[in-house]
> 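Quick one: the structure is below, questions incoming.
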Amino acid sequence: MIFHILAAVGQEAAEAATQMVSQAQEEMSFSLIEMAFKGGWLMIPLFLLSILAVYLFGERWWAIRKASKVDENFMRNIHDYVHEGKIKAAINMCQSHETPIARLIEKGIERIGRPLTDIQAAVENTGNVEVARLEKNLAFLATIAGGAPMI
């Protein structure tokens with residue numbers, strides 16, 4: 001008899017627990033938009049920052065992709081111009097290409113005839129400028145994404 005009572009109480013407890021779980025699931029299911037509205041005013045700056053992060057990511061991706069394109073004939077033509085002594089033509093060709101590699105080579109060609117250390121320093125400085133140009137806005141993007149202070 002006691003076993004029947006315990007079994008009935010256990011069955012009622014299991015049914016009550018099942019009902020509570022189903023009610024909790026009904027209360028927990030709401031859309032992302034409802035959740036955003038329940039976040040209050042704080043969601044507005046988060047939304048704006050997320051749009052800015054997507055824009056900065058796309059802009060940097062596009063800039064790096066554009067900078068990484070190299071014309072296969074570019075170096076061959078530069079080589080030919082330099083060996084033929086047409087330094088001005090080589091510099092003009094570098095200036096017509098808007099890529100970091102063309103700007104580096106232009107700095108090197110401009111310093112032909114100077115000591116190797118001067119050429120190396122000029123190309124290295126130009127390389128640092130090009131890297132900084134490609135890294136533009138990445139610190140801001142990292143701040144948005146990670147929440148770390150901008151330096």
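Bear in mind that the values here come from a model prediction, so they are computed numbers and not experimental data.
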> Would you check if the side chain of Arg103 reaches a backbone N or O of Thr126 as a donor-acceptor pair within less than 3.5 Å?
no
> According to a 4.5 Å side-chain heavy-atom criterion applied to Ile, Leu, Val, Met, Phe, Trp and Tyr, with indirect links allowed, do Leu104 and Met75 form part of one hydrophobic cluster?
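Hydrophobic grouping puts Leu104 apart from Met75.
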> Looking at every non-hydrogen atom in both residues, tell me the closest pair between Leu134 and Arg60 and how far apart they are.
O-NH1, 2.9 Å
> Take Leu141 and Leu138, measure what side-chain contact (heavy atoms from CB on, under 4.5 Å) needs, and give me the verdict at the end.
CA-CA 5 Å; Leu141 181 62; Leu138 286 183; 4.3 Å; yes
> Which heavy atom of Ala90 sits nearest a heavy atom of Ile78, and at what distance?
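Between these two residues, the closest heavy atoms are O-CD1, 3.5 Å.
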> List the steps, then state whether side-chain contact (heavy atoms from CB on, under 4.5 Å) holds for Tyr81 with Ile91.
CA-CA 9 Å; Tyr81 285 145; Ile91 290 174; over 6 Å; no
> Is the number of heavy atoms from other residues, nucleotides or ligands within 6.0 Å of CZ (Phe57) greater than 12?
no
> Can you tell me how far the CG atom of Asn77 sits from the NZ atom of Lys86, to the nearest 0.5 Å?
11.0 Å
> Taking the side chain as every heavy atom from C-beta outward, state whether Lys69 and Thr99 have any pair of such atoms under 4.5 Å apart.
no
> Measure across His97 and Asp71 and return the closest heavy-atom pair with its distance rounded to 0.1 Å.
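Smallest interatomic distance, heavy atoms only, reads NE2-OD2, 4.0 Å.
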> What is the distance from atom CG of Leu46 to atom CD1 of Ile51, rounded to the nearest 0.5 Å?
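If we round to the nearest 0.5 Å, Leu46:CG and Ile51:CD1 are 11.5 Å apart.
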> Before you tell me yes or no, could you show the steps for Glu110 and Ile87 under side-chain contact (heavy atoms from CB on, under 4.5 Å), namely the whole-Å CA-CA distance, both residues' side-chain angles and the distance that decides it to 0.1 Å?
CA-CA 8 Å; Glu110 287 175 349; Ile87 303 299; over 6 Å; no
> Check the hydrophobic clustering (I, L, V, M, F, W, Y; side-chain heavy atoms under 4.5 Å; chains of links allowed) and say if Ile109 and Met93 are grouped together.
yes
> Would you call Ile105 and Phe74 a side-chain contact if the rule is heavy atoms closer than 4.5 Å?
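They are in contact (side-chain heavy atoms under 4.5 Å apart), so the answer is yes.
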> Does Asn125 reach the side chain of Lys107, with side-chain heavy atoms less than 4.5 Å apart?
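The answer is no; the side chains never approach within 4.5 Å.
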> Heavy-atom distance under 4.5 Å between the side chains of Pro115 and Asp118, does that happen here?
yes
> Give, for atom CZ of Arg111 and atom CD of Glu106, the distance between the pair rounded to the nearest 0.5 Å.
9.5 Å
> Look at the side-chain heavy atoms of Ile, Leu, Val, Met, Phe, Trp and Tyr, link any pair under 4.5 Å apart, and say whether Val123 and Ile101 land in one connected group.
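No, because Val123 and Ile101 fall into different hydrophobic clusters, even though each may have its own neighbours under 4.5 Å.
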> Just how far is it from atom CG of Leu52 to atom CZ of Phe47, taken to the nearest 0.5 Å?
12.0 Å
